[in-house]
Enquirer: 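Sending over a structure as structure tokens; questions will come in a sec.
The chains referred to below are lettered A, B, ... by the order of the sequence lines, with proteins before strands, and numbering in each begins at 1.
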Amino acid sequence: MKAAELAKTFDHHDFEDRVYEAWRASGGFRPDEDGSRDPFVIVIPPPNVTGVLHMGHGLNNSLQDILIRYYRMKGRPTLWVPGTDHAGIATQNVVERKLREEGTTREELGRDEFVERTWKMKEEHHSVITKQLEKIGASCDWSRERFTLDDGLSRAVREVFVALYERNLVYRGEYLVNWCTSCGTALSDDEVEHREVNGQIWRVRYPLVDGPGSIEVATTRPETMLGDTGVAVHPADERYAHLVGARVRLPLTDREIPIVEDSFVDREFGTGAVKITPAHDPNDWAMGERHDLARINVLTAAGLINENAPEKYRGMTVKEARKAVVADLESRGFLVEVKDHVHQIGHCYRCDTVIEPWQSTQWFVRMQPLAEKALKAWEDGEIVFYPRRWENTYTHWLRNIRDWCISRQLWWGHRIPVWYDDESGDVIVSRTDPTEDPAYAGRSLRQDPDVLDTWFSSWIWPFSTLGWPEQTPDLDRFYPTTALVTGYDIIFFWVARMVMAGIEFMGAAPFRDIYITGLVRDIHGRKMSKSLGNGIDPLDIVDSYGADAHKFTLAYLSAQGQDVPIETESFQLGSKFANKIWNATRYLLMNLGGRTPVPFAEVTLDNVDRWIYHRLNDTIARMDAAMAEYRFNEAAHGVYEFFWNDFCDWYIEASKLSLYAEDDREKDRKMSLLLYVLEETMRLLHPLMSFISEEIYGQLPDTLQPADGTRRSPVLMTAAFPRVHGERSNESVAASFASLQELVRGVRTVRSEFAIPPVRKIDASVRFEADFASAQFIRSASNLITMLAGIGALEFVEDEDRRAGSITAVGTGFEVYLDVRALIDVDTEVSRIERAIEKEERLLLQSTRKLSSEGFVAKAKPEVVARERERVRETENRLERLRRVLDDLTRS
RNA sequence: GGGCGAAUAGCUCAGUUGGGAGAGCGCCUGCCUUACAAGCAGGAUGUCGGGGGUUCAAGUCCCUCUUCGCCCACCA
């Protein structure tokens, strides 16, 4: 075999870009054409084109990539659909901010030019996002990439809107909506973030029209009194019973308004009387309906006091108006009291402006019928959350569903497919443009100026991306998809709505497994955010630590359902692992020169080989189990421990016995096995350490054929994932090897405690207990033990004679006498043995207590009792021997 | 006002059916042993938040309390 040589120093920059291009060129990102097997499909949660990817995307896309690569290697036709989201408000805000910096506005620019500008920005961000996904190694099918505003998806959006309108699930109406005065648009209830705010509560006296006296109301929003059209008290409130039906003069205005009774009122709160402002509060809106009160809107779209208010307040902001109104109330003697008051205030989830409940005409989706089906899909087990607890969030939202306001007063988005004929009053809801339809020739039609909520295109993402409403082969083959990987912050925005749309339009939930990732946080547990400046850019991580380190570290730290606290240095975990893999491989390849490969079928396995295959087998099983349960950290821990602790620390170390010896046939044999194990291990590692495993796979000798009967693949990405082989399992070898490790470690511990340098070999004698099961194994591995423990001459003895003048390492079933007595201090050794005895005594006490306790022997499982008895036997045995050692020491 | 999560080694966190407490980093000791000092070998460190209960057996199941965090909710 030729001695391939890896670079002395590991540097991921040397191959990552090249490897990614090789993957792309291999065609492996696309699902294979064999449609007969069960496909594994993920559609990406489309990142917003507003910005660039942050660590949250890094996590979520890393996990998707791990799943995709695992199932691809498992042989399933695997598809990961990439794409981006136009993100209506968010994107429009970014562009508008830019325009402001340039000293202009979108109104000045005009709608068409504004949209064009936005497209341009979309292109720029899109290329950055794509680049980032490539850099982190995302193995998605770029030939199927979609954008929520592309032609196909726009058509799907129109289809959905019109179809829902036809089914009476979309309607238009004038209601109180959540209005962001800064974005200038309505928002859905879910887009409002409620936060506790320190405010005040004012008590104001409204004088009666007839006669003296007045009624006091409490309010947190005094400025809205300008739009009051009533006062409500509880029907059973005796304090106010005599006032019901009376009228009050609304201060600062010339309006007279009635006092009504309504059981909504809480008698305990405030004064027990509440002002009613139907046009500016959802509860008041409802009360206004019940009592047929006028709705007086006192705010403009920009949030300024309008012409319905007394002249002096017009044009003021809410804040200014509040101040002015309070001042006027006070000076005219209407203000009774001001108190500090903590309450919840809604804020815009995009720009953080305080939300105004504001009356306007909007389009809505009737959610109840859709929600019922989405709930049923969960009840029937059609969808499953990982971790399970998120189903509470899902069902709670669906059970308390409210209609969805879908129209947005923006320019960036899907234009609502509705046209108005102002002359006739006709409302035309159409899949195609009626202005181009001869049937409407001669009529003056005006398209609805508004666009649809971004989520209105997102909720159909799992099937619109596959070509719907066309009946495409992709749709047929890949819908429903298999898994969704996303964050808990968008369970209602997105996940629940996708289930609704999937059932409504495709007749089936859009995915089966919903994996909810934790949030990436900084090391102090704080959310990463621009304002805190504690964000980490995935590209920076990829550059300094490598894409594999990025993905592996995130997976390793990603306990299911838990947030992921991370700092830049955390990624050392992954990069050190990559370095380890690189160097282990380098060692193997260095020793390839002059070796003749042995076909696996002709290789005889020694005990150590059997052991490593046993461990490999276990690790594959552990990986399979972890992946089936979406336990990414478990998968990562499994391969990490196997590669580092088993393969490197023991198997490779043990192989030096063969490779540094003179026997060419043995060298060939061991070298071949090292390669076989390495080859299979690279396949095992690939989903988690994709770049480096691919690079190494490509460096393995072309002639090397996998030991498990699978075929070498042109690229590792599409090679077969290792399988569990029953015949590789060998518990007896595993147990014996564990004894060997105990023995070696015992010697090493003594060496270390007495600071005996590695170069100094020590002679040793080993004595076995009579029935020690691993005796033969260890006896046959004496050369190996000699090497691993730094022993000079090793003897196996029958009695304890050799203990004299030696240091003893006591193990389960054996003891080792080390001829280093001259080097050590007896007192140190005595105290070491005494500590060991104390430890064993503690263990023994635990076990005997257990065994002597009532019920344990009777009720515990028999194997548990048996194990406990075995432990007692072993512990007593070790203890007894330790005491003899101590005796010998103290006597001499 | 409901619901959920967290509390385990100095730090950040794992711990899958209950059956002798783990990792990474940090710390201490000794090693530049011809794959790797981004390394090797060894070591120290825990009333598993408090209290109660179930059980032969609890970090793990139940109740309760405390402290953080998140989500939902129309109390002006």
Enquirer: Are A:W390 and A:F385 an aromatic pair, judged by ring center distance below 6.0 Å?
Expert: no

Enquirer: Base, sugar-phosphate alone, or nothing: which one does A:Y545 contact when heavy atoms must sit under 4.0 Å apart?
Expert: nothing

Enquirer: Measure from NZ on A:K339 to P on B:A76 and round the result to the nearest Å.
Expert: 13 Å

Enquirer: Classify the nucleic acid contact of A:P758 as base, sugar-phosphate or nothing, counting any heavy atom under 4.0 Å across all strands shown.
Expert: base

Enquirer: Just to be sure I understand the rule, does A:R402 reach a base, reach only the sugar-phosphate, or reach nothing, if contact means heavy atoms closer than 4.0 Å?
Expert: sugar-phosphate

Enquirer: Determine, for A:Y587 and A:K656, whether the Lys NZ or Arg CZ falls below 6.0 Å from the six-membered ring centre while staying within 45 degrees of the axis.
Expert: yes

Enquirer: Pick base, sugar-phosphate or nothing for A:V265, based on heavy-atom distances below 4.0 Å to the nucleic acid.
Expert: base

Enquirer: Out of A:D284, A:D228, A:D281, which residue meets the salt bridge (Lys or Arg N to Asp or Glu O under 4.0 Å) rule with A:K275?
Expert: A:D228

Enquirer: Looking at B:G42, which nucleotide sits across from it as a Watson-Crick or G-U wobble partner, both distances under 3.5 angstrom, or is there none?
Expert: B:C28

Enquirer: Is the centre of the A:Y515 ring less than 6.0 Å from the centre of the A:F632 ring?
Expert: yes

Enquirer: How would you summarise protein contacts on nucleotides 15-28 of chain B per nucleotide, using B for base, S for sugar-phosphate only and - for none, with heavy-atom distances below 4.0 Å?
Expert: SS--BB--SSS---

Enquirer: Just compare B:C36, B:A76, B:C31 and give me whichever is closest to any side-chain atom of A:R586.
Expert: B:C36

Enquirer: Can you tell me the Watson-Crick or wobble partner of B:A21, both distances under 3.5 angstrom?
Expert: none

Enquirer: Rounded to whole angstroms, how far apart are CG on A:N392 and P on B:G5?
Expert: 8 Å

Enquirer: Have a look at A:E569 and say if it touches a base, only the backbone sugar-phosphate, or nothing, with a 4.0 Å heavy-atom cut-off.
Expert: nothing

Enquirer: Which part of the nucleic acid, if any, lies within reach of A:F10 when heavy atoms closer than 4.0 Å are counted: base, sugar-phosphate only, or nothing?
Expert: base

Enquirer: Taking any heavy-atom pair under 4.0 Å as a contact, classify A:T220: base, sugar-phosphate, or nothing.
Expert: sugar-phosphate

Enquirer: For a quick check under 3.5 Å, do A:T875 and A:E840 share a side-chain donor-acceptor pair by atom type?
Expert: no

Enquirer: If you look at every strand shown and take non-hydrogen atoms under 4.0 Å, does A:D649 touch a base, only sugar-phosphate, or nothing?
Expert: sugar-phosphate

Enquirer: So if I take every side-chain heavy atom of A:I523 and compare against B:A35, B:G42, B:U12, which nucleotide ends up nearest?
Expert: B:U12

Enquirer: NE2 of A:H194 versus P of B:G2: gap in Å, rounded?
Expert: 19 Å

Enquirer: Would you say the side chains of A:D189 and A:N178 form a donor-acceptor pair under 3.5 Å?
Expert: yes

Enquirer: Quick one: label A:W285 by what it contacts on the DNA or RNA (base, sugar-phosphate, nothing), any heavy atom closer than 4.0 Å.
Expert: nothing

Enquirer: Provide the Watson-Crick or G-U wobble partner of B:C4, both distances under 3.5 Å; none if there is no partner.
Expert: B:G69

